[in-house]
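Chain identifiers are assigned alphabetically (A, B, ...) following the order of the sequence lines, protein sequences preceding nucleic acid strands; residue numbering begins at 1 within each chain. Everything numeric in this text was worked out from a predicted model, so none of it was measured.
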Amino acid sequence: MTLRDVVQIVDGTVLCGDDNLGREVHLGFASDLMSDVLTLLADDILLITGLSNNQAIRTAEMSDILQILFVRNKRPTKTMLDLAKEHGITIITTPYSMFRSSGLLFSKGLQPVY
Amino acid sequence: MHVSFQVQAGDFSNAGKVSSTVKGILKQLNLGPAHIKRIIVALYEAEVNVVAHSYGGTITCEVEPESVDIMVCDTGPGIPDLDLAMTEGWSTATPEVREMGFGAGMGLANIRKNTDRLAIDTGEDKPTRIHMCFDLADGATHA
């Protein structure tokens, strides 16, 4: 699915990276644990997290993850958004929970990493 | 190529800045993406450890055509039981570190997984020195 599909499925709002909504994403990984994210080998991942701080963006950068979905209306700070823009990371927020977001995206074809 | 950086204890807002800078350097040197990823994941885990658990320290990187050597040295307080610390799930992280998304006891194990050779010199009330070596067997660097 494309990031545009992701936004539609989770009733999301794009906070940065609008230019990349045509980008395809095939895998999803939901976690608030950044060390867990750092164990992933695949690149083509949508990170679904409720952890809204600099380390979520840094971890995505280190893991070559180019899209993050923040759940439960978590609002990244300007510093986080600036960091995301600097590294070409698209940031989406959704009012849905991590469970609901993951379930909806899985049901529409987003694949799990494990 | 040799670069060196200071890392401040407890400076969570800047944790990862060194790893980000090194990632940019490795990209400029045309290392393959798979090499860059494992080097940077290991370095980032080590950098976060210095910020979260130490009194501060330094990171030095040597990039050669065949290998990358990274030394992460702090000024203490050291790891009393290294074997225990290498066990996945064991952690002494503070609530502040856990709020950052770390402190699940996976950092050192993740570092070991991503390095070709790893040496850790530490002890109670001693500095910790982590030496990480990465082979670039396919000659991925053209610098």
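- When the side chains of ILVMFWY residues are joined at heavy-atom separations under 4.5 Å, either directly or via intervening members, B/Met86 and B/Ile70 end up in a single hydrophobic cluster.
- The distance from the CG atom of A/Leu33 to the CE atom of B/Met106 is 5.5 Å, given to the nearest 0.5 Å.
- Options B/Ser20, B/Ser13, B/Pro33 differ in how many heavy-atom pairs under 4.5 Å they form with chain A, and the most are formed by B/Ser20.
- Under the 4.5 Å side-chain heavy-atom criterion for grouping Ile, Leu, Val, Met, Phe, Trp and Tyr, A/Val7 is not connected to A/Phe29 through any hydrophobic cluster.
- The hydrophobic clustering, which links ILVMFWY residues whose side-chain heavy atoms are closer than 4.5 Å, places A/Leu47 and A/Val10 apart.
- Linking ILVMFWY side-chain heavy atoms closer than 4.5 Å, directly or via other members, places B/Met71 and B/Val50 in two distinct hydrophobic clusters.
- Contacts with chain A were tallied for B/Lys23, B/Lys37, B/Arg38; B/Lys37 has the most, counting heavy-atom pairs under 4.5 Å.
- Distance OH/B/Tyr44 to CZ/A/Arg58: 7.5 Å, rounded to 0.5 Å.
- Atom OG1 in A/Thr59 sits 4.0 Å away from atom CZ in B/Phe102 (nearest 0.5 Å).
- With rounding to the nearest 0.5 Å, the separation of CG in B/Asn114 from CG in A/Leu41 is 8.0 Å.
- The minimum heavy-atom distance linking B/Glu45 with A/Leu38 is given by the pair OE2-CD1, 3.5 Å.
- Under the 4.5 Å side-chain contact rule for hydrophobic residues, A/Ile89 and A/Leu81 share a cluster.
- Taking non-hydrogen atoms and a 4.5 Å limit, the residue list of residues 60-80 of chain A in contact with chain B, ordered by number, reads A/Glu61, A/Met62, A/Ser63, A/Asp64.
- The number of heavy-atom neighbours closer than 6.0 Å to CD of A/Gln8, taken from other residues, nucleotides and ligands shown, is 12 or below.
- A/Thr39 contributes atom OG1, which lies 5.0 Å from atom NZ of B/Lys113 (distance to the nearest 0.5 angstrom).
- In this structure, B/Gly107 and A/Ser35 approach most closely via the heavy-atom pair N-OG, 4.4 Å.
- For a residue to count as touching a neighbouring chain, one of its non-hydrogen atoms must lie under 4.5 Å from one of that chain's; by this rule A/Leu40 touches chain B with the backbone only.
- Legend: ring pair (Phe, Tyr, Trp, His ring centres under 6.0 Å) pairs involving residues 95-114 of chain A, not counting sequence neighbours: none detected.
- Only the backbone of A/Asp32 comes within less than 4.5 Å of a heavy atom of chain B; no side-chain atom from C-beta onward does.
- A/Asn53 places a side-chain N or O within donor-acceptor distance of the main-chain N or O of B/Glu99, the cut-off being under 3.5 Å.
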